[in-house]
Amino acid sequence: MPTLVMKFGGTSVANLDRIRRAAKRVGVEVSKGYDVIVIVSAMSGKTNELVGWVNETSPLHDAREYDAVVSSGENVTAGLMALTLQEMGVPARSWQGWQVPLKTDSAHSQARIDDIPPENINAKFAEGMKVAVVAGFQGISPEGRITTLGRGGSDTTAVAFAAAFDAVRCDIYTDVDGVYTTDPRICSKARKLDKIAFEEMLELASLGAKVLQTRSVELAMRYKVKLRVLSSFEEQSDEAGTLVCDEEEIMESNIVNGVAYSRDEAKLTCLSVADRPGIAATIFGCLSDAGVNVDMIVQNISEDGRTDMTFSCPTDQVARAKVALDEIKTSGELNYAELVADTEVAKVSVVGIGMRSQSGVAAKMFKVLRDEGVNIKIITTSEIKISVLVERKYMELAVQALHDAFELDKA
Ligand code: ADP
Ligand code: ASP
Ligand code: MG
């Protein structure tokens with residue numbers, strides 16, 4: 001039998017009614033003759049609640065226990081989905097990550113998938129089981145401990161299963177009916193895309209568009225998984241939603257195809273650092289050792305042999321960054337006058353593969369922001385994106401203004 005992977009996100013399994021609705025969708029695909037692997041998220045809000053409990057119990061927690069707690073939300077929905085399917089007369093059973101087993105490395109809370117041996121599940125399909133319901137987001141480390149794949153990780157579970165089982169397609173059911181030119185929740189003019197290139201989706205995801213976890217897009221690209229995003233709230237045809245595909249499959253593309261934002265960014269500056277070889281290595285080496293994900297970096301021109309080093313990182317890593325930089329100052333490894341943090345910033349980016357062959361996009365972006373009175377704090381660019389760090393209160397305004405200026409509402 002051909003295999004189909006269907007993933008249901010948190011809002012799509014938020015209560016028993018929604019689970020029933022999702023199970024009906026699964027039933028439709030089973031009746032078409034597929035063996036179905038269903039990947040479920042935790043009920044919406046559940047993972048946040050679990051993370052909150054862990055942080056309240058132990059702020060500097062043991063990451064292995066964090067994973068033990070935070071992975072549990074998916075266990076509930078997997079069991080409930082299997083029960084719902086059974087009630088409908090569909091032969092189904094649930095699997096936790098370790099039972100499959102979904103093998104990962106030992107990077108707790110951010111683990112990467114090493115292998116998904118298909119034998120156990122295939123043996124059940126051979127016995128007549130029609131649906132394997134798998135708890136998303138979780139796996140097992142070589143040490144035999146439960147791991148999780150980072151927030152939004154059920155998308156990655158789904159794509160990895162599609163690759164491991166050579167599925168005909170991986171359908172990601174969520175609370176929007178596809179991938180839009182920007183988040184439809186903050187820009188009413190956002191337009192749904194029928195298709196989006198892997199490269200653009202990868203860039204949008206890594207710049208904050210949480211509709212797909214970045215790793216899931218990477219995996220789909222590498223293993224040539226046919227990846228589709230669609231709504232779990234509407235009746236769906238085989239052409240519904242957005243197909244994430246190779247660039248060649250898209251006939252015409254705009255220069256800019258999407259605007260992404262990341263709300264929880266912070267900007268930190270080491271003021272007056274000695275400008276000599278090795279300071280960047282010292283600063284960013286120590287931040288990397290402390291597990292801080294540095295994103296944008298700017299070094300000012302130096303005066304009198306001293307310079308300022310500015311970087312951005314997620315807001316929830318500021319405390320860790322401060323401790324790490326404090327330590328190297330105290331130990332005498334690095335001398336700086338002061339560390340200043342601005343936690344009220346956000347990142348806004350425009351993305352498009354058309355930028356490779358077109359100049360002037362950056363100039364236009366900066367002009368749009370100027371006209372809106374939005375000050376730019378840091379800029380970074382790559383071949384197919386331009387990102388700026390701005391004051392958080394201007395984030396939505398910037399997204400909307402850029403969406404208008406690049407006419408993303410028009411095909
Ligand atoms: P799920 O729980 O199904 O995994 P997520 O909340 O993780 O859903 O992702 C879906 C959300 O992603 C949407 O509700 C939407 O607000 C947000 N989003 C951000 N950028 C985009 C975009 N470009 N297109 C569609 N949705 C987007
Ligand atoms: N439940 C996890 C989260 O909220 C994984 C997921 O939904 O993809 O991050
Ligand atoms: Mg998600």
Side-chain angles (χ1 to χ4, degrees), residues 6-14 18 22 39-52 54 66-67 69-78 97 102 109-111 134-139 147-161 170-196 200-217 228-233 241-242 244 256-263 346-352 395-396 399 402-403 408-409:
M6 303 171 76
K7 179 254 171 179
F8 292 92
T11 34
S12 312
V13 293
R18 298 243 174 109
I39 310 295
V40 286
S41 287
M43 290 180 178
S44 61
K46 192 70 214 174
T47 311
N48 286 345
E49 183 182 39
L50 296 168
V51 170
V54 170
Y66 167 97
D67 280 349
V69 175
V70 168
S71 62
S72 65
E74 272 72 8
N75 297 344
V76 174
T77 44
L102 186 149
S109 84
Q110 281 297 335
V134 179
F137 180 52
Q138 50 171 267
T147 52
T148 62
L149 309 179
R151 297 306 305 271
S154 296
D155 297 329
T156 302
T157 309
V159 174
F161 268 85
C170 180
D171 285 342
I172 306 285
Y173 285 86
T174 182
D175 56 3
V176 283
D177 60 354
V179 178
Y180 280 70
T181 47
T182 192
D183 188 346
R185 294 190 200 290
I186 76 160
C187 179
S188 57
K189 290 190 194 160
R191 177 172 54 89
K192 201 200 88 178
L193 299 163
D194 292 331
K195 289 182 176 179
I196 183 166
E200 280 177 343
M201 190 64 242
L202 193 59
E203 208 63 78
L204 284 175
S206 71
L207 295 168
K210 66 176 182 155
V211 62
L212 286 173
Q213 198 197 32
T214 309
R215 285 278 299 141
S216 72
V217 186
R228 189 165 72 137
V229 177
L230 69 174
S231 164
S232 62
F233 298 104
T242 301
V244 189
V256 169
N257 258 330
V259 182
Y261 65 86
S262 167
R263 190 184 303 269
K347 184 171 63 172
V348 175
S349 313
V350 298
V351 172
M395 185 191 81
E396 296 195 6
V399 169
L402 291 166
H403 197 273
L408 295 191
D409 53 331

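Counting starts at 1 for both ligands and their atoms, in listed order.
Salt bridge status for D175 with R185: present, with a side-chain N to carboxylate O gap under 4.0 Å. With salt bridges taken as basic N to acidic carboxylate O contacts below 4.0 Å, one links R228 and D171.
Distance from atom 27 (C) of ligand 1 to its nearest protein heavy atom, with residue and atom name: V211 CB, 3.7 Å. Here the heavy atom of the protein found nearest to atom 2 (O) of ligand 1 is G10 N, 3.1 Å. Looking only at protein heavy atoms, the nearest one to atom 16 (O) of ligand 1 is D183 OD1, 2.8 Å. Protein heavy atom in closest approach to atom 8 (O) of ligand 1: T174 OG1, 3.2 Å. For atom 25 (C) of ligand 1, the closest non-hydrogen atom on the protein side is G178 O, 3.4 Å. Scanning all protein heavy atoms for the shortest distance to atom 9 (O) of ligand 2 gives R151 NE, 2.6 Å.
An N or O contact shorter than 3.5 Å links R185 to ligand 1 by distance. Taking distance alone, with nitrogen or oxygen atoms compared against 3.5 Å, S154 approaches ligand 2 more closely than that limit.
Put simply, the side chain of S262 never gets that close to the backbone of G208: no donor and acceptor are under 3.5 Å apart. Between the side chain of R215 and the backbone N or O of G153 there is no donor-acceptor pair closer than 3.5 Å. Listed for the T156 side chain is a donor-acceptor partner under 3.5 Å among the backbone atoms of S216. Side chain of T157 to main chain of F137: a donor-acceptor pair is present (N/O by atom type, distance under 3.5 Å, no hydrogens or angles). Put simply, the side chain of T77 gets close to the backbone of S41: a donor and an acceptor are under 3.5 Å apart. No donor-acceptor distance shorter than 3.5 angstrom exists from the side chain of E74 to the backbone of S154, with no hydrogens or angles considered.
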Check the pair F233, R18 against side chain to side chain contact (heavy atoms under 4.5 Å, CB included), reporting the backbone distance first and the verdict last. CA-CA 9 Å; F233 298 104; R18 298 243 174 109; 3.4 Å; yes
Tell me, with the steps shown, if N48 and R151 meet side chain to side chain contact (heavy atoms under 4.5 Å, CB included). CA-CA 10 Å; N48 286 345; R151 297 306 305 271; 3.0 Å; yes
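Contact annotation for T182 and ligand 1: only backbone heavy atoms (N, CA, C, O) come within less than 4.0 Å of the ligand. Under 4.0 angstrom from ligand 1, the non-hydrogen atoms of K210 come from both its backbone and its side chain. Residue contacts with ligand 2, taken as heavy atom pairs separated by less than 4.0 Å, involve E74 solely via side-chain atoms from C-beta onward.
Ligand-side atoms of ligand 1 in range of K7: 4 (O), range being under 4.0 angstrom from any heavy atom. Near D175, meaning under 4.0 Å from one of its heavy atoms, ligand 1 places the atoms 10 (C), 11 (C), 13 (C), 14 (O). For ligand 1, the atoms lying closer than 4.0 Å to a non-hydrogen atom of V179 are 24 (N). Taking every heavy atom of Y180 and a limit of under 4.0 angstrom, the matching atoms of ligand 1 come to 22 (C), 23 (N), 24 (N), 25 (C). Which parts of ligand 2 touch S41 is read off a 4.0 Å heavy-atom cut-off, strictly below it: atoms 6 (C), 7 (O), 8 (O).
Using a 4.5 Å heavy-atom threshold, the side chains of L102 and Q138 count as separate.
For the pair G152 and ligand 2, a heavy-atom separation below 4.0 Å is found. Using a non-hydrogen distance threshold of 4.0 Å, G10 does not register as a contact of ligand 2. Taking 4.0 Å as the cut-off, S44 does not count as a neighbour of ligand 1 on heavy-atom distance.
T148 and D67 are linked by a side-chain donor-acceptor pair at a separation below 3.5 angstrom, with hydrogens and angles left out of the test.
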